[in-house]
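Heads up, the thing below is written out as structure tokens.
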Amino acid sequence: MKNNKGFTISELVFVFLIIFILGLLMMPLVQINRAKRDNNICINNLQKIGIGMYIYAIEHDKKFPDSIEELYQKKYIANTGLLDCPRSKNVGGVDSPDYIYHAGFSASNDSFAVLLEDKNGNHAKRGKNVLYVNGSVA
């Protein structure tokens, strides 16, 4: 009587194929979760920039800064990473942020005027994240 204590090659290949197929099925879920995570980071960035803008406006007669660069130079935002949308192919910074700033507003303007928004293509099919004058992000 022979004692077989191992696996055959066909059993190992079968287990490997099952693991491979499960991995392929999980890939779309991982990509969806990554896109949601990046979108949340982008929203968080816009909220923090909005807080910096409101602090600036409080100290400057309700007027928002002329540029995002001014907001950074005067230390209302300290981290240039806030100007980088994680879904953008380019790394945003003070000189070239991943967001479009609409200057000329003050805290007393219409609350749903767009103050800051994603550049086109940052989130592809998901649309844009937008910071309104009232401080909300949608």
Looking at every heavy atom in both [X] and [Y], which two are closest together, and how far apart are they?
X     : Y     : answer
Asn45 : Pro86 : ND2-CD, 4.5 Å
Pro97 : Ile68 : CG-CD1, 4.3 Å
Val94 : Thr80 : CG2-CG2, 3.6 Å

Taking the side chain as every heavy atom from C-beta outward, state whether [X] and [Y] have any pair of such atoms under 4.5 Å apart.
X      : Y      : answer
Lys62  : Tyr56  : no
Ile49  : Leu116 : yes
Cys42  : Tyr99  : yes
Leu115 : His102 : no
Leu71  : Met53  : yes
Tyr101 : Pro65  : yes

| Do any pairs count as a side chain to side chain donor-acceptor pair (under 3.5 Å) and have a residue in residues 103-113, sequence neighbours left out, and if so which ones? | Ser106-Ser108, Ser106-Asn109

| field | Qualifying side chain to side chain donor-acceptor pair (under 3.5 Å) pairs, either residue in residues 17-37, two or more places apart | value |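 The answer is none; no pair qualifies.
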
Can you name the side chain to side chain donor-acceptor pair (under 3.5 Å) partners of [X], sequence neighbours left out?
X      : answer
Asp38  : Arg87
His60  : none
Asn129 : Asn39, Asp118, His123

| Residues forming a ring pair (Phe, Tyr, Trp, His ring centres under 6.0 Å) with Tyr54, sequence neighbours excluded |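 In terms of ring pair (Phe, Tyr, Trp, His ring centres under 6.0 Å), with neighbours along the sequence ignored, Tyr54 is linked to Phe64.
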
| So with a 6.0 Å cut-off around CG of Asp61, is the heavy-atom count from everything else above 12? | no

| field | All salt bridge (charged side-chain N to carboxylate O under 4.0 Å, His left out) counterparts of Glu59, not counting sequence neighbours | value | none

Remaining members of hydrophobic cluster (4.5 Å side-chain criterion), [X]:
X      : value
Tyr132 : Phe112, Val114, Val130
Val15  : Ile19
Ile58  : none
Ile9   : Val13, Leu17

| query | Which is it for Asn120 and Lys128 under the side chain to side chain donor-acceptor pair (under 3.5 Å) test, yes or no, and what are the steps along the way? | reply | CA-CA 7 Å; Asn120 289 332; Lys128 290 183 176 184; 2.9 Å; yes

| said: Run Asn134 and Ser136 through side chain to side chain donor-acceptor pair (under 3.5 Å) and show every step you take. | reply: CA-CA 6 Å; Asn134 67 7; Ser136 65; 2.7 Å; yes

| task | Determine which pairs satisfy salt bridge (charged side-chain N to carboxylate O under 4.0 Å, His left out) with at least one residue from residues 63-85, sequence neighbours left out, and list them in order. | result | Glu70-Lys74

